[in-house]
Amino acid sequence: MITIFHFSVTAQPKNDDCQSAITLSDVTNWCSSPKQFSTNYATPSGFDRALCFFGSGDIDNDVWFKFRAIGNMVNVSVIGAITKNPKGTLQYPQIVLYRGSCSGEMSEVGCFSDAQGFHIAELFASLTIGETYYIRVDGKYNKTGTFQLCLNNYNAVPSPSGDCSSAVVLCDESAFTVPEVVGYGKYQDPIGNTCLRGGESSSVWYKWTCEESGALIFNLKPINPSDDIDFALFLLPNGLEDCSLKIPVRCMASGEQGGRPLSEWVQCTGSTGLRESASDFQELEGCAWTDDNYVAPLQMQKGQSFALLINNFHNTGNGFSIEFGGTTTFEGPKPHFKVSKLKLPVDSSLTIWNVSKYNGKIVKYEWDFGVDANPKKHIGWKAPQVKYKSTGKKSISLTVETDRGCIVTKVRDLTIINPPPKPKEEPPLITTNIQEESPSGNNNDSKEETDYQANTGENIIDLEPKKEPNFSTPPQKPKQSRVDTNIVYYDVLHVYKLYYDADSFNLKQDHLPFIDEAITWLSKSPEHVLHVEGHTNNIPRNEYCNFLAEKRAQSVLTYLRSKGILEEKLKEKVFGSSKPQAPNKSLKGRKRNQRVEIKILKPEE
């Protein structure tokens, strides 16, 4: 007789509490696999009930996730046992977003509970770029089960318009999410000769102008996977401001095949858009066997303008996310800024230079300096000096808005470190019986200054002022101090020129053979020294030119020191834009001025 024992193994999810939250590193228009996560066998995490968790007698069988914000808006969705293509078994999902620390204070940023049994929960919230946020997922009425988690962290764009004439102008290809799509604006466009035969119902419009010719692709994903999202793409031959003549160039309306089982039309559900593998220009209502919910990429030409109509056929009010791709770009401002240091100690001042570019008119510059910054925010072209009161990775964002309502955001990261330890205090100096220092003796503390001799532009003067005698006790007779100055003239034996990319001070691989060759000159004579000069073109302001030139020179000096070259063999001079070797009127000339010069010097005999 054989006895078979059946064992049931139940295990808590690995992210059962806040401390073990799963880190989400991909936060741009990302979704997990269906049923990838679960609240089955989860236990209460010990946190207070969220404000929107209303289930009477509920036990919080919650699981946790966390992410670092890279944009100022977020859309989080938990999708369970929805009708038509469910993404899990969880019913009545609940979701809450926190900022703070698992071991400290946590404050709610957003909260949503599925009270109507759609088995999907989604929320939108404003974030601080660079801050860490926590996602808590639970089920109402003690429901547990599997689910799909979706997250899109992006920089906000203006609220959409339901009319082409007032459509939001997109000026870069950043992904974003629209919370809801309700109605059709002030005017119900009949759409003309397109595949959207029913015209507008729940729709929004976007417009843009092509900056660089190329192929456009995009992906539209409904927030609720059960929704049917359709779209039509138009050429505006008279420019962005004229929607009276719209030429349809792509259209997609495929979806549910009425009265037929889901298996026959499931390929016409979910995400839609333009993708490289598609070859058709439109898909009509219903779902033909050749349809796949996508149409072919669009080849855009520089200067052409387009309008995109996005329509929720099911009229549920739910929104969508959109992600652009391809080889083309949209016309718009280019926000950009430089910082004085990418790594600096706590409470040190950070200088920021605004180097944004745009041919049109920018009406607003909005700065956010991130977590624990002082100041935290600023509005205006010129950024103030900023200090941080805590260590770690920080993010600075600059958002610009044009007179046409176009909004673009630039983000840069930097690291704040602990200040170096203070030097130990020296013991008090005993001032009795101290001998006078000889003015002619060795002076290790003398300051060295190097510069070019004005008359030749080639020879270098080395001035070594001797230290003035110090007296620890007043002498009986006043003594006249003196300074001995040795002037040393150098001949320039050889010059190496290293050219840098614009706005860069990174040492390149092809620089190294020339620096190594310069090092060999030091072995030819103990008198040889290396003089390193930093240069730029004259496009930025002088303050930035000097900063960039110094960084370029330091990149070479750092490499030389790593090779064991002593400080006494190295000299540095920062010229910025003051000594061009070519006119700055052309791109070619400016590139020749983006350089470091290494000069081999020998004292004159």
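We count residues from 1, following the sequence as given.
Proximity of N72 to L127: side-chain heavy atoms (C-beta onward) are nowhere separated by under 4.5 Å. Counting only heavy atoms from C-beta outward, the side chains of F176 and I322 approach each other to under 4.5 Å. In this structure the side chain of L557 reaches within 4.5 angstrom of the side chain of E572, judged on heavy atoms. Side-chain atoms of W521 and I519, non-hydrogen and from C-beta on, never get closer than 4.5 Å to each other. For the pair N418 and P345, the minimum side-chain heavy-atom distance is 4.5 Å or more. In this structure, K338 and Y544 have side chains that are in contact, with non-hydrogen atoms separated by less than 4.5 Å. No side-chain heavy atom of H535 sits less than 4.5 Å from a side-chain heavy atom of S577. At least one side-chain heavy atom of V386 sits under 4.5 Å from a side-chain heavy atom of I352.
Taken to the nearest 0.5 Å, the OG1 atom of T391 stands 9.0 Å off from the CD1 atom of I416. Here the CG-OG distance, from L548 to S504, works out to 8.0 Å after rounding to the nearest 0.5 Å. Y388 OH to K394 NZ: the interatomic distance, rounded to the nearest 0.5 Å, is 8.0 Å. Distance check, rounded to the nearest 0.5 Å: CG of L530 to CG of L522 gives 4.0 Å. Rounding to the nearest 0.5 Å places CG of L149 at 5.5 Å from CD1 of I135. Rounding to the nearest 0.5 Å gives a distance of 10.0 Å between CG of N593 and SG of C545.
For Y133 and F65, the gap between ring centers reaches or exceeds 6.0 Å.
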TODO: Report the C-alpha distance between S45 and D17 in whole Å, list the side-chain angles of each, state the deciding distance to 0.1 Å, and finish with yes or no for side-chain hydrogen bond (donor to acceptor under 3.5 Å, both in side chains).
DONE: CA-CA 5 Å; S45 58; D17 56 45; over 6 Å; no

TODO: Begin from the C-alpha positions of R552 and T536 and carry the test side-chain hydrogen bond (donor to acceptor under 3.5 Å, both in side chains) through to its verdict.
DONE: CA-CA 9 Å; R552 286 174 176 166; T536 69; 5.4 Å; no

Open item on the list: Using ring-ring contact (aromatic ring centres under 6.0 Å, His included), reason through Y500 and H511 one step at a time and then give a plain yes or no.
Closed with: CA-CA 9 Å; Y500 284 67; H511 290 159; 4.8 Å; yes

- [ ] Take L170 and F324 through the test side chain to side chain contact (heavy atoms under 4.5 Å, CB included) and record every step on the way to the result.
- [x] CA-CA 11 Å; L170 301 179; F324 293 96; 3.7 Å; yes

Task: Evaluation steps, side chain to side chain contact (heavy atoms under 4.5 Å, CB included), between L350 and I396 - done: CA-CA 11 Å; L350 179 72; I396 299 175; 3.7 Å; yes

- [ ] Could you check E597 against Y496 for side-chain hydrogen bond (donor to acceptor under 3.5 Å, both in side chains), going step by step and ending with a plain yes or no?
- [x] CA-CA 6 Å; E597 293 189 6; Y496 296 92; over 6 Å; no

Open item on the list: Determine whether R99 and E131 satisfy the following criterion, salt bridge (Lys or Arg N to Asp or Glu O under 4.0 Å), listing intermediate values before the conclusion.
Closed with: CA-CA 8 Å; R99 68 156 48 94; E131 190 163 356; 3.3 Å; yes

- [ ] Begin from the C-alpha positions of N15 and S20 and carry the test side-chain hydrogen bond (donor to acceptor under 3.5 Å, both in side chains) through to its verdict.
- [x] CA-CA 5 Å; N15 56 334; S20 57; over 6 Å; no

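By the side-chain hydrogen bond (donor to acceptor under 3.5 Å, both in side chains) test, K591 pairs with no residue at all, sequence neighbours left out. Looking at residues two or more places apart in sequence or on another chain, you find a side chain to side chain contact (heavy atoms under 4.5 Å, CB included) between I362 and P333, Y358, Y365, V400.
Residue I598 forms a side chain to side chain contact (heavy atoms under 4.5 Å, CB included) with just one option from L560, L498, V495, and that option is L498. Among Q594, R592, R590, the one residue that satisfies the side chain to side chain donor-acceptor pair (under 3.5 Å) test with N537 is Q594. Considering F67, Y134, W64 as possible partners of Y98, the one that fulfils the ring pair (Phe, Tyr, Trp, His ring centres under 6.0 Å) test is W64. In summary, of the residues considered (V492, L601, I600), a side chain to side chain contact (heavy atoms under 4.5 Å, CB included) with H531 occurs for L601 alone.
Applying the salt bridge (Lys or Arg N to Asp or Glu O under 4.0 Å) test to every pair with at least one member in residues 374-387, sequence neighbours left out, gives these pairs: D368-K376, D368-K377. Listed by first and then second residue, the salt bridge (Lys or Arg N to Asp or Glu O under 4.0 Å) pairs that reach into residues 209-218 are E211-K334, sequence neighbours excluded. Sequence neighbours left out, the pairs with a member in residues 346-366 that pass salt bridge (Lys or Arg N to Asp or Glu O under 4.0 Å) are K364-E366.
Defined by atom type and a distance below 3.5 Å, a donor-acceptor pair is present between the side-chain atoms of S395 and D413. Counted by atom type alone, N29 and S321 present one or more donor-acceptor pairs between their side chains at under 3.5 Å.
Smallest separation of non-hydrogen atoms from S101 and M106: O-CG, 3.3 Å. Across every non-hydrogen atom of P603 and E527, the tightest pair is CD-O, 3.5 Å. Between S397 and I129, the closest heavy-atom pair is CB-CD1, 3.5 Å.
Comment: E567 does not engage K569 in a salt bridge, judged by the lack of any side-chain N to carboxylate O separation of less than 4.0 angstrom.
Heavy-atom neighbours of D510 CG from other residues, nucleotides or ligands within 6.0 Å: above the threshold of 12. Crowding of R561 atom CZ: a count of heavy atoms from other residues, nucleotides or ligands under 6.0 Å exceeding 12. Heavy atoms from other residues, nucleotides or ligands lying under 6.0 Å from CD of Q19 number more than 12. For K341, the NZ atom is loosely surrounded, since the number of other residues' heavy atoms within 6.0 Å does not exceed 12. A 6.0 Å sphere centred on CZ of F47 holds more than 12 heavy atoms belonging to other residues, nucleotides or ligands. Other residues, nucleotides and ligands contribute over 12 non-hydrogen atoms within 6.0 Å of the CD atom of Q385.
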Side-chain donor-acceptor pairs of residues 401-411 under 3.5 Å, sequence neighbours excluded:
from, atom 1, to, atom 2, distance (Å)
T402, OG1, R404, N, 3.3
T402, OG1, C406, N, 3.2
R404, NE, E241, OE2, 2.7
T409, OG1, T399, OG1, 2.8

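Judged purely by atom type and a 3.5 angstrom limit, N153 uses its side chain to pair as donor or acceptor with the backbone of I70. Not one N or O on the side chain of T132 forms a donor-acceptor pair closer than 3.5 Å with the backbone of R68. In this structure, the side chain of S213 engages the main chain of K302 through a donor-acceptor pair within 3.5 Å.
Taking the six-membered ring where tryptophan is involved, the planes of W367 and F369 are essentially parallel, since the angle between them stays under 30° and well short of 60°.
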